[in-house]
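These notes concern the structure reproduced below.
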Amino acid sequence: MKIAIGSDHGGVELKAALLKSISNDVVFFDKGPADKSSCDYPDYGVAVAKAVASGEVDFGVLICRSGIGMSMVANRFQNVRAALCPTVESAVMTRQHNGANVLCLGADNVSVEYAVEIVKAFISTPVDMDQRHERRRWKLERASRLSDASGLMKDDPEVWAAIEAQTVQEDTEINLIASENTSSRACREAAGSVLMNKYAEGYPGKRWYSGCLPVDAAEELARKRACELFGAEHANVQPHCGSAANMAVYFATIKPGDTILSMSLDQGGHLSHGSPVNFSGKFYNIVPYTVDKETEQLDYDALEKQAMEVKPKILLTGASAYPRKLDFKRIREICDKVGCIMMVDMAHIAGLIAGGAHESPVPYADFVTTTTHKTLGGPRGGMVLCKAEYAKAIDSAVFPGMQGGPLENIIAAKAVCFREWMQSEKKDYAQQVVKNCAVLCKTVQDRGYRIVSGGTDNHLFLVDVKSTKGITGKEAAAALDAAGIVVNKNTIPYDTESPFKTSGIRVGTASVTTRGMKEPEMIKIGTWIADVLDNISDTAVQERIKSDAAKLVANFPVP
């Protein structure tokens with residue numbers, strides 16, 4: 001057992017006595033001070049709390065004259081639960097019920113002999129795993145989710161109100177937006193860190209500003225982890241978003257007016273793949289490809305024929321609303337025949353690819369772009385993966401080509417996200433996202449709703465509400481929102497409605513899977529979706545389901 005121990009000058013004598021009196025199977029790490037010279041207790045409280053929060057030690061012991069100041073210091077740290085215990089009984093209780101891992105003692109209030117008993121009781125008492133105590137400890141952690149930004153309650157009440165409202169919304173509603181997810185606390189902490197203070201134009205080791213060693217380290221971690229996670233030869237983690245990542249590839253490889261063959265926006269493509277209102281559609285000659293009218297899936301023979309006729313400089317694959325797997329090997333073959341660049345925007349399926357639930361485009365494509373949120377569940381940002389021969393070109397396109405200073409705090413959060421995806425449980429998560437989507441899709445389908453392409457292979461599906469119920473996607477999304485279920489209106493292939501109304505809705509399962517939901521919950525949610533859409537104007541149905549949904553999600557906390 002490892003214990004970090006520290007005190008202020010008023011607790012030095014008790015600390016020394018404990019070090020002598022408790023030795024069996026215990027290794028102490030004395031964080032100071034060494035003598036009774038006047039000192040500031042927060043310095044030593046921080047040292048012990050860091051050791052506990054990082055997992056360096058199993059427990060912490062902190063001593064000052066009252067024990068109160070030390071407990072205040074230690075409880076500033078995530079993963080630390082410090083308790084002031086004047087008695088053996090309180091030490092046992094706080095371990096059992098609260099899972100405390102830092103013991104605080106008041107040197108003026110306990111004898112050496114009794115302090116030894118308190119420490120021994122604290123470190124030998126197991127945490128009670130009874131359901132009621134687990135629930136209360138969970139609520140303690142939920143309070144700290146709000147405490148991350150609680151200083152804003154006084155400093156900027158209006159911004160605090162928005163943050164609190166978002167937190168409540170996440171806690172109480174079912175989020176089925178296919179392009180959204182919930183980042184981990186670790187990602188949020190990195191994104192909100194002091195790394196945002198540093199200007200770092202350039203790349204690690206080649207910055208225009210001095211003082212970049214810390215951010216260099218964070219960016220190198222993100223870059224190397226991205227390459228390891230996806231098996232890429234080179235990664236640029238600086239793009240601020242997915243559109244910027246796409247822009248960087250265009251700038252690195254082609255000239256304005258050159259031809260890009262990409263999926264049409266109304267068929268499932270993305271704005272940055274050539275929409276007339278986007279920079280991509282304004283700067284380049286965009287030739288759209290479509291899905292087959294009958295199957296509503298890609299016809300690779302037709303795509304090859306079109307590519308051979310068009311002779312694009314880039315064949316761009318990837319979508320924001322395509323529910324089927326993509327055949328990257330086949331697309332590579334087409335690109336080789338045409339002699340064009342193979343570019344894949346995997347933003348929506350990056351998490352599935354990282355977790356092995358979808359084939360990776362990296363071995364086939366010249367360039368792969370992505371966002372780092374969506375199924376990856378990291379911070380909002382972008383990234384480009386490419387073969388080594390394109391490294392210099394893509395780096396120059398990002399900086400100085402299109403961006404100045406990178407967001408090093410967000411890049412650090414990307415590094416955190418990539419590390420999370422290197423853990424084995426993430427593979428289970430990716431598979432569960434796909435399983436959940438299949439069950440949710442079938443539940444809605446079995447209620448008589450037409451599903452675009454007849455089903456799903458990934459994290460999303462499209463419901464044709466116009467042909468099934470004669471309602472628009474806008475109306476369907478609004479009714480579901482009133483019922484506590486959040487989806488988005490979405491065009492479907494060969495849509496006859498305007499993009500502002502649409503004939504469909506898009507449904508995704510990344511966020512609910514992050515919360516721990518599985519197939520039984522998908523059946524409930526799918527049933528509720530159908531109930532709402534079957535009774536589109538019935539506010540009583542919406543209110544009932546909203547109440548039921550809130551009860552369901554209460555059992556599945558947001559990270």
Side-chain angles (χ1 to χ4, degrees), residues 174-180 262-278 281 286 288-299 302 318-324 326 347-348 374 437-438 440-483 485-510 522 525-538 541-542 545:
I174 296 172
N175 181 15
L176 298 175
I177 300 288
S179 54
E180 292 183 4
S262 59
M263 181 178 279
S264 177
L265 179 64
D266 65 345
Q267 303 275 305
H270 187 259
L271 279 170
S272 61
H273 297 176
S275 170
V277 301
N278 184 260
I286 304 298
Y289 60 82
T290 60
V291 296
D292 180 82
K293 280 191 175 183
E294 295 299 319
T295 66
E296 295 175 308
Q297 298 186 40
L298 282 175
D299 181 335
S320 61
Y322 185 68
R324 296 299 184 173
L326 296 167
H348 260 270
K374 299 188 177 77
C437 196
L440 182 57
C441 178
K442 187 176 186 305
T443 303
V444 175
Q445 191 173 35
D446 286 349
R447 287 286 295 268
Y449 286 84
R450 192 184 85 80
I451 304 299
V452 171
S453 82
T456 176
D457 299 325
N458 55 26
H459 66 299
L460 66 83
F461 62 94
L462 298 167
V463 185
D464 179 357
V465 294
K466 183 68 184 293
S467 70
T468 307
K469 287 292 179 180
I471 58 178
T472 66
K474 183 178 180 180
E475 292 169 330
L480 289 167
D481 195 23
I485 301 172
V486 185
V487 303
N488 64 277
K489 67 179 185 290
N490 214 93
T491 57
I492 62 174
Y494 308 101
D495 207 326
T496 57
E497 289 285 349
S498 77
F500 300 101
K501 292 184 178 180
T502 78
S503 295
I505 57 172
R506 184 181 65 167
V507 182
T509 55
M522 296 305 104
I525 295 170
T527 300
W528 291 337
I529 289 173
D531 286 347
V532 170
L533 299 183
D534 283 351
N535 304 275
I536 192 74
S537 301
D538 194 329
V541 171
Q542 294 168 8
I545 291 174

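The structure presented is a predicted model; accordingly, all values stated were derived computationally and were not measured.
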Query raised in the report: Hey, are the side chains of Pro493 and Thr290 touching, using non-hydrogen atoms and a 4.5 Å cut-off?
Result: no
Report task. Answer yes or no: are there more than 12 heavy-atom neighbours, outside Lys469 itself, under 6.0 Å from its atom NZ? Result -> yes
Report task. Could you tell me whether the side chain of Gln542 and the main chain of Ile536 form a donor-acceptor pair under 3.5 Å? Result -> yes
**Report entry** Distance in Å, Leu440 CG paired with Leu460 CG, rounded so as to fall on 0.5 Å steps
**Finding:** 11.0 Å
Query raised in the report: If you round to the nearest 0.5 Å, how far is NZ of Lys374 from NE2 of His459?
Result: 8.5 Å
Query raised in the report: Is there side-chain contact between Met263 and His273, with at least one heavy-atom pair below 4.5 Å?
Result: no
Query raised in the report: With a 4.5 Å limit on heavy-atom distance, are the side chains of Ile505 and Asn490 in contact?
Result: no
Query - Nearest atoms (heavy-atom pairs only) where Val465 meets Gly473 - result: CG2-N, 3.8 Å
Report summary line: Taking every heavy atom of Pro323 against every heavy atom of Gly455, the minimum-distance pair comes out as CB-O, 3.8 Å
Query raised in the report: Has the side chain of Asp481 got a donor or acceptor atom that lies under 3.5 Å from a matching backbone atom of Ala477?
Result: no
Report summary line: Value for OH (Tyr289) from OG (Ser262), rounded to nearest 0.5 Å, stands at 7.0 Å
Query raised in the report: Do Thr491 and Leu462 have side-chain heavy atoms sitting under 4.5 Å apart?
Result: no
Query raised in the report: How many angstroms lie between atom CG of Asp531 and atom CD1 of Ile545, to the nearest 0.5 angstrom?
Result: 4.5 Å
**Report entry** Expected output: side-chain Gln445 to main-chain Gly454 donor-acceptor under 3.5 Å
**Finding:** yes
Query raised in the report: Roughly how far, to the nearest 0.5 Å, is the OG1 atom of Thr472 from the NZ atom of Lys466?
Result: 8.0 Å
Query raised in the report: How about Asp534 and Tyr449: does a side-chain donor come under 3.5 Å of a side-chain acceptor?
Result: yes
**Report entry** Minimal non-hydrogen separation, Val487 against Arg506, with atom names
**Finding:** CB-O, 3.6 Å
Query raised in the report: Rounded to the nearest 0.5 Å, what separation is found between the CG atom of Asp446 and the CD1 atom of Ile451?
Result: 9.5 Å
Query raised in the report: Are Asp495 and Ser503 close enough that a side-chain donor and a side-chain acceptor fall under 3.5 Å?
Result: yes
Requested in this report: Grab the two heavy atoms, one from Cys437 and one from Phe461, that are nearest each other, plus how far apart they are.
Outcome: SG-CD2, 3.7 Å
Requested in this report: Examine distances only and state if a side-chain atom of Asp457 and a backbone atom of Leu326 form a donor-acceptor pair shorter than 3.5 Å.
Outcome: no
Report task. Measure across Ile492 and Gly504 and return the closest heavy-atom pair with its distance rounded to 0.1 Å. Result -> CG2-CA, 3.8 Å
Query raised in the report: Within a strict 4.5 Å, meaning less than it, do heavy atoms of the Ile529 and Leu176 side chains meet?
Result: yes
Query raised in the report: Is a side-chain donor or acceptor of Ser320 paired with a backbone partner of Gly269 at a separation under 3.5 angstrom?
Result: yes
Requested in this report: Identify the two heavy atoms, one from Leu298 and one from Val291, that lie closest to each other, and give their separation to 0.1 Å.
Outcome: N-CG1, 4.2 Å
Query raised in the report: Does a side-chain N-to-carboxylate-O contact under 4.0 Å join Arg450 and Glu296?
Result: yes
